[in-house]
Amino acid sequence: MSQAEGVNVQRRRVLIASTAAIGAAGVAAVATPFVRSWYPSAKAEAAGAAVTQDIGAIEDGQMIVVKYRGKPIYVVKRTEDMVAGLESVTPLLSDPESDASLQPEYCKNPTRSIEPTILVVEGVCTHLGCAPNYRPDVGAVDLGGNDWYGGFFCPCHGSKYDLAGRVYSGVPAPLNLPVPEYGMDGTILTVGEA
């Protein structure tokens with residue numbers, strides 16, 4: 001190129017700007033999936049997220065199951081008779097004060113709950129992780145007759161829990177059913193945060 005021809009500075013600037021823009025778009029296209037791989041997956045985020053459930057429609061004595069972190073959470077609306085029967089079963093329990101069992105401090109009481117009529121426990125047997133059946137029928141002959149005030153029965157190995165999730169003495173399960181962190185706002189139950 002000779003001096004006489006000169007350099008088209010405007011054209012040079014357009015080419016440099018275009019090349020830079022295309023390069024930046026290419027870097028962004030490559031970097032975006034890489035940066036997104038650092039974020040937890042939607043499944044992982046959902047596994048740790050709190051779960052809410054409106055329990056206003058649960059009838060007295062009824063149980064529903066809510067899923068939280070892959071575990072069944074049993075929610076029982078206890079009747080006044082069920083709550084009154086908790087004291088009667090105390091001598092038959094392995095850990096009636098829940099000293100060795102898992103529950104938040106606000107649930108260290110005879111009902112193991114925030115509200116006496118609402119029980120919230122993990123539905124996982126503390127023996128081998130089976131799912132106990134809800135057996136609210138008082139005096140069930142196959143579960144001890146006069147010593148059965150209602151509760152949960154694990155048919156796999158015969159573990160029994162009362163209506164506060166406290167384990168009976170002399171059964172394979174060593175601990176009471178765990179109580180997860182939860183909170184109540186009217187009829188809205190939130191499992192996973194207090």
Side-chain angles (χ1 to χ4, degrees), residues 46-47 49-98 101-127 129-156 158-168 171 173 175-194:
V51 176
T52 59
Q53 177 75 39
D54 186 352
I55 59 171
I58 301 177
E59 296 178 19
D60 289 347
Q62 183 183 8
M63 181 186 87
I64 65 166
V65 179
V66 177
K67 284 282 192 185
Y68 175 64
R69 291 187 176 175
K71 295 180 183 176
I73 303 298
Y74 292 174
V75 181
V76 179
K77 185 172 183 188
R78 297 180 282 208
T79 64
E80 294 299 326
D81 290 341
M82 290 174 163
V83 173
L86 293 176
E87 189 175 320
S88 303
V89 77
T90 302
L92 305 170
L93 302 175
S94 176
D95 185 15
E97 303 300 320
S98 299
S101 302
L102 298 173
Q103 69 271 323
E105 280 298 318
Y106 51 83
C107 290
K108 280 204 168 199
N109 54 48
T111 61
R112 296 184 78 216
S113 60
I114 295 172
E115 294 182 20
T117 58
I118 304 295
L119 173 68
V120 179
V121 292
E122 288 182 14
V124 179
C125 181
T126 57
H127 178 229
C130 305
N133 296 329
Y134 177 53
R135 295 285 303 271
D137 45 328
V138 176
V141 177
D142 61 328
L143 297 175
N146 293 336
D147 289 337
W148 183 253
Y149 296 90
F152 304 93
F153 174 67
C154 186
C156 300
S159 294
K160 298 187 291 185
Y161 304 88
D162 75 343
L163 285 167
R166 301 175 297 179
V167 68
Y168 276 70
V171 298
L175 300 170
N176 298 343
L177 294 175
V179 176
E181 291 280 340
Y182 75 97
M184 297 282 301
D185 185 14
T187 62
I188 303 299
L189 168 72
T190 304
V191 179
E193 57 186 49

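The model shown is predicted, which means the values in this text are computed figures rather than measured ones.
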Looking at side-chain heavy atoms only, is the closest gap between [X] and [Y] below 4.5 Å?
| X | Y | answer |
| --- | --- | --- |
| Arg78 | Ser113 | yes |
| Ile118 | Lys77 | yes |
| Pro180 | Val191 | yes |

Between [atom1] of [X] and [atom2] of [Y], what distance do you get to the nearest 0.5 Å?
| X | Y | atom1 | atom2 | value |
| --- | --- | --- | --- | --- |
| Thr111 | Leu163 | OG1 | CG | 11.5 Å |
| Ser98 | Leu93 | OG | CG | 9.0 Å |
| Gln103 | Leu175 | CD | CG | 10.0 Å |
| Asn109 | Glu97 | CG | CD | 10.0 Å |
| Ile73 | Leu119 | CD1 | CG | 10.5 Å |

N/O donor-acceptor pair under 3.5 Å between Trp148 side chain and Asp142 backbone: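 No, Trp148 side chain to Asp142 backbone: no donor-acceptor pair under 3.5 Å.
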
*Return yes if some donor-acceptor pair links the side-chain N/O of Tyr106 with the main-chain N/O of Gly183 below 3.5 Å, else return no.*
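It does not hold such a pair.
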
Original post:
Is the number of heavy atoms from other residues, nucleotides or ligands under 6.0 Å of Asp185 CG greater than 12?
Top reply: no

Applying ring pair (Phe, Tyr, Trp, His ring centres under 6.0 Å) to Phe152 and not counting sequence neighbours gives Tyr74, Tyr134

By ring pair (Phe, Tyr, Trp, His ring centres under 6.0 Å), Phe153 pairs with (sequence neighbours left out) none

Shortest non-hydrogen separation from [X] to [Y] and the atoms involved:
| X | Y | value |
| --- | --- | --- |
| Tyr182 | Ile114 | OH-N, 2.8 Å |
| Val124 | Pro72 | CG2-CD, 4.0 Å |
| Pro132 | Leu177 | CG-CD2, 4.4 Å |
| Ala140 | Arg135 | CB-NH2, 3.7 Å |
| Cys107 | Val179 | SG-CG1, 3.9 Å |
| Val89 | Leu86 | CG1-O, 3.3 Å |

Problem set entry | Inter- and intrachain pairs under side-chain hydrogen bond (donor to acceptor under 3.5 Å, both in side chains), touching residues 84-95, at least two apart |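 Every pair satisfying side-chain hydrogen bond (donor to acceptor under 3.5 Å, both in side chains) with a residue in residues 84-95: Asp95-Ser101.
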
Residues 158-168 vs side-chain hydrogen bond (donor to acceptor under 3.5 Å, both in side chains), sequence neighbours excluded, gives Thr126-Tyr161, Asp162-Arg166

* Pairs meeting criterion salt bridge (Lys or Arg N to Asp or Glu O under 4.0 Å) with involvement of residues 110-124, two or more places apart ->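 Sorted pair list: Lys71-Glu122.
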
Counting only pairs under 3.5 Å, give me each side-chain donor-acceptor contact of residues 50-61, with atom names and distances, residues two or more places apart or in other chains.
residue : atom : partner : partner atom : Å
Asp54   : OD1  : Gly56   : N            : 3.0
Asp54   : OD1  : Thr187  : OG1          : 2.8

